[in-house]
Colleague: 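Okay, handing you the structure first.
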Amino acid sequence: MNKPARILTFKCKKCSKSVQVFLQKVSACSHIQPYQGLCSCGELHRHATGQASAVQSFLNSTNSDWMHDH
Ligand SMILES: [Zn+2]
């Protein structure tokens with residue numbers, strides 16, 4: 001399995017500047033690699049790769065203490 005990138009770059013939906021999202025440490029499991037970052041305009045960006053249900057759960061949550069429930 002490839003190691004996930006620690007930092008990814010996206011375009012902000014609000015201001016269209018580039019935003020860096022960082023691999024989150026909550027991803028202790030292999031099901032999901034969650035990323036999160038904050039744009040300079042204040043817009044929070046989330047991205048995740050991995051198991052579809054885990055990714056959806058992460059993207060739907062607004063809580064920074066999100067944990068993958070096995
Ligand atoms: Zn922005």
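Source: prediction; values computed, not measured. Whatever order the structure lists ligands and atoms in, that order sets their numbers, starting from 1.
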Colleague: Got a second to check how far C39's SG is from K14's NZ, nearest 0.5 Å?
Modeller: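 The SG atom of C39 sits 9.0 Å away from the NZ atom of K14.
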Colleague: Which atom pair, heavy atoms only, marks the closest approach of T49 to V55?
Modeller: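 Shortest heavy-atom contact: C-CG2, 3.8 Å.
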Colleague: Mind checking the CZ-CD spacing from R6 to Q33? Nearest 0.5 Å is all I need.
Modeller: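 It is 12.5 Å, given to the nearest 0.5 Å.
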Colleague: For H45 and E43, which heavy atoms make the closest approach, and how far apart are they?
Modeller: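 The answer is CD2-O, 3.3 Å.
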Colleague: Below the 2.8 Å mark, what number of protein N, O or S atoms do you get around the Zn ion (ligand 1)?
Modeller: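 Those protein atoms number 4 in total.
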Colleague: Using side-chain heavy atoms (C-beta onward) and a distance below 4.5 Å, is H31 in contact with S53?
Modeller: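 Side chain of H31 against side chain of S53, heavy atoms only: no contact under 4.5 Å found.
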Colleague: So which atom in I32 and which in A54 form the shortest heavy-atom distance, rounded to 0.1 Å?
Modeller: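 Distance-wise, the nearest heavy atoms are CD1-O, 3.3 Å.
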